[in-house]
Amino acid sequence: MSSLTPHRTGRTAGTAPGTARGPARPRRTALIPTVTLLLGALYCLLPVAWVVVASTKSGSELFSTFTFWPGTGFAENVSDLGAYRDGVYWRWMGNSALYAGLGALLSTCVSAVSGYALATYRFRGRETLFNVLLAGVLMPPVILAVPQYLLLAQADLTDSYLSVLLPQILSPYGVYLARIYAAAAVPADVVEAGRMDGAGEWRIFTRVALPMMVPGLVTVFLFQFVAVWNNFLLPYIMLSDDEKFPITLGLYTLLEQGAGTPALYTLVITGAFLAVFPLIALFLVIQRFWSLDLLSGAVKS
């Protein structure tokens with residue numbers, strides 16, 4: 001009588017024929033890269049955490065309490081900062097918004113036109129011109145600031161808003177990004193189709209190419225806005241009237257005065273903490289353009 005008991009084989013269920021499941025290996029974590037990234041994050045975030053905590057401390061708590069122990073004077077610090085010299089801090093913030101906003105917008109427009117032209121048109125000396133512009137990325141700002149000051153001094157434009165705005169309009173890095181993005185995002189067939197339909201070059205650029213370049217131009221605008229907002233050297237050389245100072249130069253002068261008046265240290269720290277919020281707000285506002293571009297690309301593909 002044959003047995004009804006199923007015959008057991010050496011292969012377990014769910015294992016492909018001809019293969020044998022070995023002992024499960026423990027999942028190894030890349031320890032060195034993880035530790036390196038954690039140390040890098042700690043190095044970057046520790047000063048930010050210090051500014052956040054220090055802005056909550058009053059003048060007496062700043063030097064008498066534990067470094068990362070919150071204080072109770074944040075509201076008083078903001079009030080004193082707004083009242084200092086009839087609210088000159090908010091004027092510095094407005095100046096920075098003007099320099100960074102208008103400068104980044106003009107720089108983005110110039111980068112868009114220049115990058116599109118370099119990516120679309122073929123003319124003699126194109127690569128040479130692009131290489132010359134690209135060499136500007138390698139130039140330290142301190143080398144360019146003094147010649148720019150001498151040129152604007154000849155035009156009697158120093159100590160004016162234009163002396164800070166004009167040097168920021170041409171961004172070699174912005175032109176480079178715009179050219180790379182235009183070459184990738186604007187197909188040559190679309191440009192040729194527009195020409196065959198009788199559209200002029202400016203109409204093709206504004207109606208066809210520019211909408212395709214928006215995500216890249218948003219990146220150019222963000223980079224240039226942050227660069228102008230954080231710029232210190234150019235305003236330091238160009239401006240002498242503190243009513244026209246941006247926030248970086250204004251806080252620097254306030255810190256210099258704090259060397260003789262320690263009570264001003266809390267105002268400098270609180271001002272530095274508040275100066276970060278416009279950059280965070282800008283990033284949160286324009287972040288959706290990148291998301292929309294990724295979603296539209298997924299739908300079209």
Side-chain angles (χ1 to χ4, degrees), residues 34-101 103-104 140-142 164 168 219 221-237 239 242-287:
T34 302
V35 172
T36 303
L37 290 176
L38 289 177
L39 291 177
L42 183 64
Y43 176 80
C44 295
L45 295 178
L46 195 61
V48 178
W50 182 87
V51 170
V52 173
V53 174
S55 64
T56 65
K57 297 183 179 183
S58 62
S60 58
E61 295 173 336
L62 184 61
F63 299 102
S64 60
T65 60
F66 177 66
T67 302
F68 291 99
W69 187 260
T72 58
F74 180 73
E76 182 180 356
N77 292 340
V78 175
S79 177
D80 293 343
L81 183 63
Y84 177 75
R85 289 185 51 192
D86 297 328
V88 70
Y89 174 81
W90 303 115
R91 185 175 182 85
W92 294 338
M93 288 279 280
N95 292 337
S96 288
L98 174 64
Y99 295 139
V142 66
V164 180
Q168 308 287 348
T219 305
F221 178 84
L222 177 63
F223 284 174
Q224 191 65 5
F225 187 96
V226 173
V228 178
W229 183 275
N230 293 330
N231 194 0
F232 170 79
L233 181 63
L234 184 65
Y236 181 76
I237 293 176
L239 301 176
D242 62 353
E243 294 291 326
K244 301 172 184 176
F245 284 177
I247 190 64
T248 51
L249 188 55
L251 290 177
Y252 172 75
T253 58
L254 193 60
L255 181 63
E256 280 191 326
Q257 298 174 15
T261 309
L264 295 179
Y265 282 141
T266 56
L267 302 187
V268 176
I269 295 171
T270 306
F273 172 65
L274 296 178
V276 180
F277 281 93
L279 298 179
I280 298 176
L282 175 67
F283 180 81
L284 294 177
V285 169
I286 68 176
Q287 180 183 0

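Interatomic distance, CG of L249 versus CG of L233, reported as 10.5 Å (0.5 Å rounding). Separation of atoms CG (N231) and CD1 (I247) is listed at 14.0 Å; rounding is to 0.5 Å. Distance OH/Y99 to CZ/F245: 9.5 Å, rounded to 0.5 Å. Going from atom CG of L264 over to atom OG1 of T270 covers 11.0 Å, rounded to the nearest 0.5 Å. To the nearest 0.5 Å, the span separating CG on L282 from CZ on F277 amounts to 14.5 Å. Taking CZ from F232 and CD1 from I237, the interatomic distance works out to 9.5 Å, rounded to the nearest 0.5 Å.
Heavy-atom minimum distance, Q168 versus Q224: O-NE2, 2.9 Å. Scanning all heavy atoms of the two residues, the minimum distance from L267 to L254 falls at CB-CD2, 4.1 Å. Minimum heavy-atom separation, T56 to V52: CG2-O, 3.5 Å. Across all their heavy atoms, C44 and P47 have their closest contact at O-CD, 3.5 Å. Nearest heavy-atom pair across Q257 and Y84 is OE1-OH, 2.6 Å. Closest of all the heavy-atom pairs between A275 and M93 is CA-SD, 4.2 Å.
Between L81 and L274 there is a side-chain heavy-atom pair separated by less than 4.5 Å. The shortest side-chain heavy-atom distance between W50 and I269 falls under the 4.5 Å cut-off. For the pair Y89 and D80, the minimum side-chain heavy-atom distance is 4.5 Å or more. When side chains are defined from C-beta on, I286 counts as touching L222, because their heavy atoms get closer than 4.5 Å. Looking at heavy atoms from C-beta onward, N77 lies out of side-chain contact with F273 at the 4.5 angstrom threshold. The side-chain heavy atoms of T248 and W229, taken from C-beta on, include no pair separated by under 4.5 Å. For the pair W69/V53, no side-chain contact is recorded, criterion being any heavy-atom separation below 4.5 Å from C-beta on. Side-chain contact between P246 and L239: present, with at least one pair of heavy atoms (C-beta onward) separated by less than 4.5 Å.
Within 6.0 Å of OH on Y236 lie no more than 12 heavy atoms contributed by other residues, nucleotides or ligands.
A side-chain donor-acceptor contact under 3.5 Å links S55 to the backbone of V51.
Under 3.5 Å, the side chains of T72 and E61 contain a donor-acceptor pair of N or O atoms.
Not counting sequence neighbours, F66 has no partner by the ring pair (Phe, Tyr, Trp, His ring centres under 6.0 Å) test.
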Requested in this report: Starting from the C-alpha separation in whole Å, work towards a yes-or-no answer on side chain to side chain contact (heavy atoms under 4.5 Å, CB included) for V164 and K244.
Outcome: CA-CA 10 Å; V164 180; K244 301 172 184 176; over 6 Å; no
